[in-house]
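Data block below; observations after.
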Amino acid sequence: MIEIRNLCKTFGHQPVLNNLDLTIKTGETKVMIGRSGVGKSVLLKSIIGLIRPDSGSIKVNGIEVTRISEKEYNKVRMEIGMVFQGGALFDSMTVGENVAFVLNEFMDLDKKTIADRVADSLALVGLKGVENLMPSNLSGGMKKRVSLARVLCMEPQIILYDEPTSEIDPITADAINNLIIELRDKLRVTSIVVTHDMNAAYKVADSIAMFYHGHVIADGTPDEIRNTSHPVVRQFIHGLAQGPITEDENLVFGHVK
Amino acid sequence: MTTISLFHRSGSWIFNFVQYMGELALLFMRTLYWIFVPSYQGGRFLEQAKRIGPGSFLISALVAFFVGMIIALQMAYLMVKLSAEIYIPNVVAVSLTRELAPVLTALIVAGRIGAGITAEIGSMTVTEQVDALRAFATDPVKYLVVPRFLGLILMLPLLTVFADLIGIFGGYIICVLKLSISPAMYLNMVVQSLAIKDIVTGLIKTIFFGIIIALVGCHQGLTVKGGAEGVGRATTVSVVRSFIFIIVTDCIFTTMFYFVFNQ
Ligand SMILES: Nc1ncnc2c1ncn2[C@@H]1O[C@H](COP(=O)(O)OP(=O)(O)O)[C@@H](O)[C@H]1O
Ligand SMILES: [Mg+2]
């Protein structure tokens, strides 16, 4: 269970999170949608403590995390896995070492067990025999999947996905979406999925929250969001260039003359 | 420009400097803390030591060799006039071990290794690898800074000892081949002139230089902003600041040894 109340974060003079409220129930998959630069990654990083918010409250499984020490936070972090937008693989390590990171750092396991768990995690994201490659030899989509395997290997209760299927081909993307659903159904993993792919959003979400001007303007089941009358949400989910969002930003996309 | 804005500018300059020194001090404390807290990063420390030591040996030896020759030649110009060639080995040995070998080795390592540290940690910062470390409950200071810090304060004194020896050998070449001082005489004069304290004061300095290179390099890397261009800028800044800190620290040490210990 993640409860976020009145969360604020300003970078310089730019307010990114502005009195944001959001609740993710245990075992629920929450999809976050919103335009690029609206602060979705900042929100995920605030939950895992990479960015400390200016004010407001975040409770992870009942623990208020906004003011705890880094050491205390590390205990909370052992239950949270984050798939970074760019993968964030350690590029001095092989794929296998990346996936085994948490096992190597925190658990006293023998080589065979580690190798098996690494192979299992990689298999879950549809990769096989890539343990000895270096991250620089992988495509963007493969990096993302290795990054997900690295998170699965630590068996977290909560997974934060930052655009897990961007840069991934449609077939693999669908497999990843199925995996997200399976993790919820079989292991009761709580997830926040940031995505721009509305079909994926309808598919994996228990609920969808739309992010606009630093707070959540709509939060509901996929059906409620699909049939919403909120003009801003409608423009976003239908992907229209004309509408209240672009008018609000005085954006006039160029026309070829 | 008005006086007021000039004042504001110098004010913010001083503020930035104090803030920077504070950040370095904080990084230093955190590094010391993580050195003594298990689990130890033995393997990663050895990996860094291997990268720093053998990699820098050739270039620092080369420089020390030529500097040894240069000192002997410069001194020859002066000493031959005074018929005091016999003291050239003393000058070579003392100036190398106390001053030149430690400082030159530190500057070379700052350029080679310090820049590399900033570039490596900096690119990890901009590609969110440092964030990922923290997300996996791993302190970047423990994981990235400590091994480099220990690697530098181990390898820099070692490199300096080799530089001392090779520089003295450079002086030997000139003295024996050009000034017809006998090999035995050269070695004799070197050994006589060198007190253990000359070597030790030189090596103590290198430990501080190692700390400077590690802290400045890691700090720049961890605070990079703005993509590949930012990494490039941070690398330059890292080398420049290390150079300045090394020279200033050296001056402070030399002054201290001179006035306080009369050496
Ligand atoms: N560490 C940071 N320092 C300053 N500004 C930041 C930082 N992280 C994010 N921002 C700003 O916050 C805004 C939201 O960024 P982000 O959360 O990455 O957007 P997105 O919703 O596309 O993931 C952007 O305008 C970005 O420039
Ligand atoms: Mg983002």
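Every chain is numbered from 1, with letters handed out A, B, ... down the list of sequences.
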Under 6.0 Å from the [atom1] atom of [X], do we count more than 12 heavy atoms belonging to anything else shown?
X        : atom1 : result
A/Glu64  : CD    : yes
B/Met29  : CE    : no
B/Tyr143 : OH    : yes
B/Phe208 : CZ    : no
A/Arg188 : CZ    : no

inquiry  = Just verifying a value: how many Å separate B/Phe136 CZ and A/Phe90 CZ, rounded to the nearest 0.5 Å?
reply    = 6.0 Å

key: Min side-chain heavy-atom separation A/Lys45-B/Glu128 under 4.5 Å   = yes

query = If you tally heavy-atom pairs under 4.5 Å against chain B, which of A/Lys71, A/Arg150, A/Glu70 wins?
reply =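 Max contact count across the listed options: A/Arg150.
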
inquiry  = As an exercise: rank A/Ile48, A/Asp91, A/Leu89 by heavy-atom pairs under 4.5 Å with chain B and give me the winner.
reply    = A/Asp91

task = Provide the closest heavy-atom pair for B/Ala132 versus A/Ala88 in the form atom of the first, atom of the second, distance.
result =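 Between these two residues, the closest heavy atoms are CB-O, 3.8 Å.
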
request  = Kindly give the heavy-atom pair with the smallest separation between A/Phe106 and B/Ala137, and that separation in Å.
outcome  = CZ-O, 3.4 Å

key: Side chain B/Arg134, main chain A/Gly49, donor-acceptor under 3.5 Å   =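 Flag set: sc B/Arg134 to bb A/Gly49 pair under 3.5 Å.
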
inquiry  = Shorter than 4.5 Å, heavy atoms on both sides: which option in B/Asp139, B/Thr127, B/Asp131, B/Leu133 has the most such pairs with chain A?
reply    =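 Top count of heavy-atom pairs under 4.5 Å with chain A: B/Asp131.
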
inquiry  = Between B/Lys142 and A/Glu105, does any NZ, NE, NH1 or NH2 come within less than 4.0 Å of an OD or OE carboxylate oxygen?
reply    = no

